[in-house]
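Below: one structure, written as structure tokens.
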Amino acid sequence: MFLGVLFGVLGCALWGLIYIVPLWLPDYSPATIAMGRFAVYGACSLVLCWHYRRELSALKVSDWLKAFCLGFFGNAVYYIFLTQGIRWAGVPTSGMLMALIPLNVALLTNRPGARTSVVVPWRRLWLPLLMILLGLWIGNIDEFSEISSQTSSKEYWLGFFCSFTAMALWTWFPIRNSQWLIAHPKVSPVVWTCAQGGSIFPAAVLCFSAVNFDSWMNGASFFGPDPVVFICVMLIAGLACGWGGMALWNMMSARLPVALSGQMIVFETIFSVIYALIYKQQAPGWTLVVGIALLLSGVSLSLKVFQDASRPY
């Protein structure tokens with residue numbers, strides 16, 4: 001279980017960078033950023049698919065379809081909605097909605113018959129889940145007040161809808177992804193990562209071309225107004241945040257109960273806040289420190305609950 005948590009934290013450390021990518025590329029649309037990132041992720045996966053061709057040949061058509069759906073909707077489409085939600089409603093609103101993911105995953109999977117490896121009594125889970133939600137709320141109080149006063153009502157609610165959609169997609173993704181990995185213990189998480197990336201590569205390239213077709217017809221550069229920066233950022237986002245983050249998350253998902261793996265997403269929020277403070281060269285306020293402390297305490301307590309439940313007596 002320790003290795004699973006470690007992989008989850010490392011994966012979220014890489015995924016936390018995706019919140020900074022829109023700040024590096026303010027002149028690019030969320031769809032362009034998302035599809036560019038996953039085109040790179042897919043290209044890397046295709047190269048590795050040749051190395052794992054024997055393992056991949058054992059996958060059924062239904063497995064490849066599941067890999068595509070998880071990769072495209074659970075990652076690429078999710079990231080489009082998340083990025084647009086951040087731009088319209090701000091990081092605090094998006095962060096608080098994403099804070100519901102651990103609770104959603106636990107509610108949907110911590111029950112008999114949910115194809116999860118460990119089920120624990122709810123009386124032992126309510127406190128850590130409450131601490132996680134409270135920590136994310138307190139940690140975003142200051143920024144939430146600021147963004148609420150600066151954003152128009154229509155734009156804010158459109159951003160809220162985008163963030164809510166992103167939350168729904170990422171409630172669905174960790175559940176189905178973890179259930180598939182647990183049900184197929186002979187398939188390496190790295191092989192599953194390659195299957196997801198390789199299957200979405202054509203769709204990512206087509207969507208990237210469709211989104212930017214009008215701009216290209218009007219004489220714009222293939223890689224937008226700042227090609228060098230765009231390519232460099234896409235390589236980081238696609239290789240590190242895309243392939244590396246997903247591989248680590250899959251390695252975690254194969255080792256942890258589904259209800260617990262869903263709670264690991266809070267570390268993405270923690271790292272995104274840390275990276276944002278570094279980017280803005282700001283010191284954290286007391287609310288942020290308290291919020292992160294509650295987050296870490298909640299996840300630690302939840303981890304202990306699942307460890308006790310899985311320990312043989």
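The nearest pair of heavy atoms linking S163 to G85 is OG-CA, 3.5 Å. The two residues P174 and T171 make their nearest non-hydrogen contact at CD-O, 3.6 Å. Nearest heavy-atom pair across L294 and G135 is CB-CA, 3.6 Å. Of all non-hydrogen atoms in S45 and C194, the two that sit nearest each other are CB-O, 3.5 Å. The two residues A254 and P189 make their nearest non-hydrogen contact at CB-CG, 3.9 Å. Taking every heavy atom of both residues into account, M35 and A204 meet most closely at CB-O, 3.7 Å.
Side-chain heavy atoms closer than 4.5 Å link hydrophobic residues (I, L, V, M, F, W, Y) into clusters, and following such links, possibly through other members, connects V21 to I278. A single hydrophobic cluster is seen to contain both L82 and Y279, as judged by linkage of ILVMFWY side chains at heavy-atom distances under 4.5 Å, directly or through other members. Linking ILVMFWY side-chain heavy atoms closer than 4.5 Å, directly or via other members, places L235 and F201 in two distinct hydrophobic clusters. F230 and F213 fall into different hydrophobic clusters, defined by Ile, Leu, Val, Met, Phe, Trp and Tyr side-chain heavy atoms under 4.5 Å apart, directly or through other members. Hydrophobic clustering (ILVMFWY, side-chain heavy atoms < 4.5 Å, transitive): L14 and I236 are in distinct clusters.
Within 6.0 Å of CZ in F271 there are more than 12 heavy atoms belonging to other residues, nucleotides or ligands. Heavy-atom neighbours of F161 CZ from other residues, nucleotides or ligands within 6.0 Å: at or below the threshold of 12.
Counting only heavy atoms from C-beta outward, the side chains of W216 and S209 approach each other to under 4.5 Å. Taking the side chain as every heavy atom from C-beta outward, W64 and L56 approach each other to under 4.5 Å. W192 has its side chain within reach of L70: a pair of non-hydrogen atoms, C-beta onward, lies under 4.5 Å apart. At a threshold of 4.5 Å between non-hydrogen side-chain atoms, the residues I33 and M234 count as touching. Side-chain contact between L10 and M252: absent, with no pair of heavy atoms (C-beta onward) separated by less than 4.5 Å. Looking at M264 and L256, their side chains come closer than 4.5 Å, going by heavy atoms from C-beta outward. A heavy-atom distance below 4.5 Å is found between the side chains of I18 and E268. Between W249 and C12 there is a side-chain heavy-atom pair separated by less than 4.5 Å.
Without hydrogens or angle criteria, W243 side chain to Y41 main chain gives no donor-acceptor distance under 3.5 Å. In this structure a side-chain-to-backbone donor-acceptor pair under 3.5 Å is present from S57 to R54. In this structure, Y79 contributes its side chain and F38 its backbone to no donor-acceptor pair below 3.5 Å. With hydrogens and angles disregarded, a donor-acceptor distance shorter than 3.5 Å links the side chain of Y28 to the backbone of F223. D63 places a side-chain N or O within 3.5 Å of a backbone atom of K60 that can act as its donor or acceptor partner.
Considering SG of C49 and CD of E55, their distance stands at 10.5 Å, rounded to 0.5 Å. The CE atom of M251 sits 9.5 Å away from atom CG of L6, with the distance rounded to the nearest 0.5 Å. In this structure, OG1 in T193 is found 8.5 Å from CG in L248, a value given to the nearest 0.5 Å. We find the CH2-CE distance between W170 and M167 to be 13.5 Å, quoted to the nearest 0.5 Å. Rounding to the nearest 0.5 Å places CD1 of I200 at 10.0 Å from CG of L46. Here the SG atom belonging to C69 is positioned 6.0 Å from the CH2 atom belonging to W172, to the nearest 0.5 angstrom.
In this view, S199 satisfies the side-chain hydrogen bond (donor to acceptor under 3.5 Å, both in side chains) rule with no residue, not counting sequence neighbours.
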(message) side chain to side chain contact (heavy atoms under 4.5 Å, CB included), that's the test. Do Q84 and L158 meet it? Break it down for me.
(response) CA-CA 9 Å; Q84 193 62 67; L158 285 172; over 6 Å; no
(request) Apply side chain to side chain contact (heavy atoms under 4.5 Å, CB included) to the pair I101 and V105, showing each step before the final yes or no. (result) CA-CA 6 Å; I101 291 175; V105 173; 4.0 Å; yes
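For the pair R255 and F7, the cation-pi test (distance below 6.0 Å, angle within 45°) is failed.
Side chains of N75 and Q196: no donor on one and acceptor on the other come within 3.5 Å.
In this structure, F160 has its ring center closer than 6.0 angstrom to the ring center of W157. Side-chain rings of Y78 and F173 stay apart, their centers remaining 6.0 Å or farther from each other.
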